[in-house]
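To start, the structure itself, in structure tokens.
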Amino acid sequence: MKPYTVLVSACLLGQNVKYNGGNNHNAAVHAFLRGKQIIPVCPEVLSGMPVPRPPVELCKGRVINKKGMDLTAIYQKGVDRVIQQIKEKPVDLAVLKAKSPTCGNREIYDGTFYHHLIPGQGLLAAALTKLGIPVLNEKDIESLMNR
């Protein structure tokens with residue numbers, strides 16, 4: 001029997017890879033992952049962006065920073081690296097950070113930097129969905145674990 005493999009946003013595991021240098025450690029995600037094979041990733045760090053780094057949001061499918069610079073190509077490079085990393089490893093599920101411009105699976109910030117959310121997916125979540133990999137976020141896992 002093959003191990004159940006989960007791709008996970010590294011920030012949810014407590015790795016300090018967030019744009020502000022912190023993390024989004026999540027106890028429910030940790031509990032859910034027990035006994036599973038995990039592949040921690042941060043597409044933003046894999047793109048070559050530093051920690052900390054200026055925040056970005058998606059605006060009409062483009063990754064934009066607060067100064068209006070288009071960083072889509074840079075962030076896409078990180079997504080491509082994640083996809084390359086999992087090509088030889090069958091992934092059963094992805095648990096990604098909600099609302100992130102790369103990892104958000106249901107809603108993302110709208111690109112105005114005023115914390116307005118809109119329906120949509122981040123770059124990695126969209127790429128994984130296209131590959132047929134189910135994508136959940138930490139809120140989904142919290143709900144699942146609290147049943």
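Since the structure is predicted, the reported quantities are computational estimates derived from the model, not experimental observations. Just so you know, residue 1 is the first one in the sequence shown, and it goes up from there.
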Test your reading of the model: is there a side-chain donor-acceptor pair from Thr72 to the backbone of Val63, 3.5 Å cut-off?
yes
Hydrophobic clusters here meaning ILVMFWY residues chained together by side-chain heavy-atom distances under 4.5 Å, can you tell me if Leu13 and Val91 are in one?
no
Give the ring-plane orientation class for His25 versus His30, where under 30° counts as parallel, over 60° as perpendicular and anything between as tilted.
tilted
Check: Glu138 side chain, Ala98 main-chain N or O, donor-acceptor pair, under 3.5 Å:
yes
Run the side-chain contact (heavy atoms from CB on, under 4.5 Å) check on Val29 and Val8 step by step: do they pass?
CA-CA 9 Å; Val29 170; Val8 185; 4.3 Å; yes
State the CG-CG distance between Asn26 and Leu12, to the nearest 0.5 angstrom.
6.0 Å
Side chain of Glu57, backbone of Thr112: donor and acceptor closer than 3.5 Å?
yes
Can you name the closest pair of heavy atoms from Leu93 and Pro134 and give their distance?
CD1-O, 3.5 Å
Indicate whether any N or O donor in one side chain lies under 3.5 Å from an N or O acceptor in the other, for Asp80 and Gln76.
yes
Answer yes or no: does atom CE of Met69 have more than 12 heavy-atom neighbours from other residues, nucleotides or ligands under 6.0 Å?
no
Glu44 vs Ser100, test: side-chain contact (heavy atoms from CB on, under 4.5 Å). Steps then yes/no.
CA-CA 10 Å; Glu44 297 179 16; Ser100 159; 3.7 Å; yes
All heavy atoms of Ile64 vs all of Phe113, minimum pair found to be O-CZ, 3.3 Å
Atom pair CG (Asn137) and CG (Asp140), whose distance is rounded to the nearest 0.5 Å
4.0 Å
Please tell me if the side chains of Ile39 and Thr5 come closer than 4.5 Å, counting only heavy atoms from C-beta onward.
yes
Side-chain donor or acceptor of Arg147 paired with backbone N/O of Leu144 under 3.5 Å:
no
State, yes or no, whether a side-chain contact exists between Leu124 and Ile83 at a heavy-atom distance under 4.5 Å.
yes
According to a hydrophobic-cluster definition based on side-chain heavy atoms being under 4.5 Å apart (Ile, Leu, Val, Met, Phe, Trp, Tyr only), do Val17 and Val56 belong together?
no
So does Lys36 pair up with Asp92, basic N to acidic O under 4.0 Å?
no
Is it the case that one hydrophobic cluster holds both Leu96 and Met145, taking links as side-chain heavy atoms less than 4.5 Å apart, direct or via other members?
no
Connected via hydrophobic side-chain network under 4.5 Å: Ile133 and Val41
yes
Minimum-distance pair of heavy atoms, taken over all atoms of Pro54 and Tyr75
O-OH, 4.5 Å
Using every non-hydrogen atom in the two residues, find where Cys11 and Lys97 come nearest and quote the distance to one decimal.
SG-CB, 3.9 Å
Value for CG (Asn23) from OG (Ser9), rounded to nearest 0.5 Å, stands at 12.0 Å
With Glu107 as partner, the option from His116, Lys99, Gln121 fulfilling side chain to side chain contact (heavy atoms under 4.5 Å, CB included) is Lys99
Hey, is the main chain of Ser143 close enough, under 3.5 Å, to the side chain of Asn146 for a donor-acceptor pair?
no
Rounded to the nearest 0.5 Å, how far does CG of Asn105 lie from OG1 of Thr129?
7.5 Å
If every non-hydrogen atom of Asn20 is compared with every non-hydrogen atom of Pro52, which pair is closest and at what distance?
C-CB, 3.8 Å
Of all heavy-atom pairs linking Ile108 and Gly120, the shortest is CG2-O, 4.0 Å
Distance check, rounded to the nearest 0.5 Å: Tyr4 atom OH versus Gln37 atom CD?
12.5 Å
Assess whether side-chain contact (heavy atoms from CB on, under 4.5 Å) is satisfied between Thr102 and Val82, documenting all intermediate values.
CA-CA 11 Å; Thr102 52; Val82 172; over 6 Å; no
Taking atom NZ of Lys77 and atom CG of Leu46, what is their separation to the nearest 0.5 Å?
10.5 Å
Verify same cluster id: Leu123, Ile86 (apolar side-chain graph, 4.5 Å):
yes
